[in-house]
Number of protein chains: 2
Amino acid sequence: MTGEALPPEAAWFDSWRGIVFTHARMLDEIGRRLEQHSGISLAFLDVLGRLYDAPDRRLRMQELQRRSLFTRSGMTRVVDRIEEAGLVQRERVPGDRRGVWVVITSKGVRTYEAAMRRHTRDIEEVFGGTMSEAEHRAVGDALWWAWHDEEPVAPPA
Amino acid sequence: MTGEALPPEAAWFDSWRGIVFTHARMLDEIGRRLEQHSGISLAFLDVLGRLYDAPDRRLRMQELQRRSLFTRSGMTRVVDRIEEAGLVQRERVPGDRRGVWVVITSKGVRTYEAAMRRHTRDIEEVFGGTMSEAEHRAVGDALWWAWHDEEPVAPPA
DNA sequence: CTACAGTAGTTGACAAGACAGATACTTTCA
DNA sequence: TGAAAGTATCTGTCTTGTCAACTACTGTAG
């Protein structure tokens, strides 16, 4: 991603660099704004979103983990913190005493809705104007697979 | 970045999600491979690349910091570690006793060249096949600004 | 039943970064 | 010349996330 060393002039190289640089340049600012106006991190927003969208506003740890980019233990920690903030709550799963439901609280719902509204506006402000509508559409279409295709892209080696 | 809550159907929203998801799904695997075959992290590669491309193979800490994608803060620590690995070396700047040159060593050059060759191949393998050539080109063109435009995109608030 | 493999989640130890002061110089200007 | 302000880098400390090991339970097979 860096090093203009010996790069082949292949199309994928430029598109990769574009993605990496765009991501790096936008995410900081967007995360900072989220933190500022809603007091939560992007990781929180992500988890809250999964729960918000889940049937019955709840998911098992494993579900949560599979749908996000965290490892198992990472998710434990994140949920710990979100729980401390009172935005989610752990509940026992009837019939499986190993398991845990993570349930979004009503405070969590309120926080998520408000945060998401402003977050969406942030993205528009920070990122929306960087390209024409046609370009945005081209990128969106080309990268559609990334969030619709459930398969991991590469084998875990 | 998640939460299919109340998102406007704006074009920029999908393109943003595409970028975030693609980045997340690719970077892990690519970083893992880099670590595996070359024993360095993406942060190392990034820094080594900046130095490799710099006139005289050296940069001041501040330059390095400003140009780095992966570590916008804490360059001291990163350089500490790269130096421990023998890939760079700190030198005094004649005429400014506050300053430090970070110079890539010959071992650093060798490591960087080999790592970058394989890294490029990794990107091709992991990312190249996810889209058609036309799509790659479309994304690359649309995101061209991200790595050519020097300005930070949003004011530091 | 009971032993054993498998599953769910947490914990301890640690690595990487972020942030807010320190520290050590340099420059400016009265 | 001698503050005072500015610059370059480092340090202490906290946060976040990973990995490997651990606890606790479940399901299955003899």
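All chains are named by letter (A, B, ...) in the order of the sequence lines, taking the proteins before the strands, and each is independently numbered beginning at 1. Note that the structure is a prediction, hence the values are computed from the model and not measured.
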Which whole-number value in Å describes the distance from A:E35 CD to C:dA18 C1'? 12 Å

Are B:W12 and A:F127, when compared by the centres of their aromatic rings, separated by less than 6.0 Å?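 Between A:F127 and B:W12, which both carry aromatic rings, the centre distance is not below 6.0 Å.
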
Provide, to the nearest angstrom, the distance between the CD1 atom belonging to B:I40 and the C1' atom belonging to C:dA15. 17 Å

Of the options B:Q36, B:E29, B:H37, which is the one that meets B:R33 in a side chain to side chain donor-acceptor pair (under 3.5 Å)? B:E29

Just the rounded figure in Å: distance from P of C:dA15 to CG of B:L42. 19 Å

Contact class for A:R72 vs. all strands (heavy atom < 4.0 Å): base, sugar-phosphate, or nothing?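 If one applies the 4.0 Å heavy-atom cut-off, A:R72 turns out to touch a base.
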
Looking at OG1 of A:T120 and CD of A:E125, how far apart are the two atoms once the value is rounded to the nearest 0.5 Å?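 Nearest 0.5 Å value for the OG1-CD distance: 11.5 Å.
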
Tell me which of A:D96 and A:D80 sits closer to the 5' end of DNA chain C, going by the nucleotide each one is nearest to.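 The residue whose closest nucleotide sits nearer the 5' end is A:D96.
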
Is the phosphate of C:dT10 approached by A:R98 (side-chain N or O, under 4.0 Å from OP1 or OP2)? no

Could you work out which one of C:dG17, D:dT9, D:dG17 sits closest to the side chain of B:T76?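 Given the options C:dG17, D:dT9, D:dG17, the side chain of B:T76 is closest to D:dT9.
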
D:dC10 OP1/OP2 closer than 4.0 Å to side-chain N/O of B:R90: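 B:R90 to D:dC10 OP1/OP2: side-chain N or O found under 4.0 Å.
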
Check the side chains of A:S68 and A:D46 for a donor-acceptor pair under 3.5 angstrom, ignoring hydrogens and angles. no

What's B:G99 touching, base or sugar-phosphate or nothing? Going by heavy atoms closer than 4.0 Å. sugar-phosphate

Roughly how many Å is it from CD in B:E84 to P in C:dA16, rounded to a whole number?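 Rounded to the whole Å, the gap is 10 Å.
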
Rounded off to whole Å, could you give me the CE-to-C1' distance for the A:M61 and D:dT23 pair?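 Taking CE of A:M61 and C1' of D:dT23, I get 15 Å after rounding.
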
In whole angstrom, give the distance that lies between atom CE of A:M75 and atom P of D:dT16. 14 Å

From the list D:dA8, D:dT13, C:dG17, which nucleotide is the closest neighbour of the side chain of B:R77? D:dT13

Starting at CD1 of A:I82 and ending at P of D:dT16, how long is that distance when rounded to a whole Å? 11 Å

Using only side-chain N and O atoms of A:R81, determine if any of them is under 4.0 Å from OP1 or OP2 of D:dT16. yes

How would you label the contact of B:V93 with the nucleic acid (heavy atoms, under 4.0 Å): base, sugar-phosphate, or nothing?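 Nothing: the residue B:V93, judged by heavy atoms under 4.0 Å, touches no strand.
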
Let me spell it out: for each of A:R97 and A:F70, pick the nucleotide of DNA chain D with the closest heavy atom. Which residue's pick is nearer the 5' end?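 So the residue in question is A:F70.
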
Hey, mind stepping through A:L59 and A:V102 against side chain to side chain contact (heavy atoms under 4.5 Å, CB included) and telling me if it holds? CA-CA 5 Å; A:L59 288 172; A:V102 184; 5.6 Å; no

Is any side-chain N or O of B:S73 under 3.5 Å from a base N or O of C:dC19, one able to act as donor and the other as acceptor? no

Whole Å only: how far is the CD atom of B:E63 from the C1' atom of D:dA8?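 Atom CD in B:E63 sits about 12 Å away from atom C1' in D:dA8.
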
